[in-house]
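What's counted below: heavy atoms across the whole structure, side chains too, no hydrogens, waters or symmetry copies.
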Amino acid sequence: MKKEVTVLEKENGKILVGCDRNACEGCKGSIFCQRKDTRIELKDEGKVNCEVGEKVVLDLPGGKTIFSVFMSLGLPLLMFPVFYFIASFFTDSEAKLFLASIGGVALGFIISAVFFHFKKGDYEPRLIGKS
């Protein structure tokens, strides 16, 4: 998915870009978005020579975006029934099963956080050109 944004700041190898609400009208997730404006910090790779106030185009790869949503939300939710099932071999107490399941969700969030700590650069939007 490509998105047109405006360069807000440029300093120290970082570019801060932003867009207004009407730029998100084509996005399927715009119904759920409550933000009035979006600001994204990017690495300045030097591929696009841009200045503050210019319009540029970001590339948000569809597959990577979907995978990042899965890692952020889907994996922790999937851990709930997995840990419930595993814990059911060791106990019949509903309270203990529930606590094990919540522990699975927490572990899912930890796995997601560690994954994005090391792979963050692969899932960030890329500046591809001027609009």
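Checked against side chain to side chain contact (heavy atoms under 4.5 Å, CB included), S72 has the following partners two or more places apart in sequence or in another chain: S112, F116. For K119, the salt bridge (Lys or Arg N to Asp or Glu O under 4.0 Å) partners two or more places apart in sequence, or in a different chain, are D122. In this structure K55 satisfies the side-chain hydrogen bond (donor to acceptor under 3.5 Å, both in side chains) test together with T6, sequence neighbours excluded.
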Side-chain donor-acceptor contacts of residues 76-89 below 3.5 Å, not counting sequence neighbours, with atom names and distances?
residue, atom, partner, partner atom, Å
Y84, OH, E94, OE1, 3.3
Y84, OH, E94, OE2, 3.4
S88, OG, F85, O, 2.5

Output side-chain donor-acceptor pairs under 3.5 Å for residues 103-111, partner residues at least two apart or in another chain, one line each.
none

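Rounding to the nearest 0.5 Å gives a distance of 10.5 Å between OG1 of T91 and CG of L99.
Heavy atoms from other residues, nucleotides or ligands lying under 6.0 Å from CZ of F98 number 12 at most.
Listed by first and then second residue, the side chain to side chain donor-acceptor pair (under 3.5 Å) pairs involving residues 96-108 amount to none (not counting sequence neighbours).
Put simply, the side chain of V56 reaches to within 4.5 Å of the side chain of V5, judged on heavy atoms.
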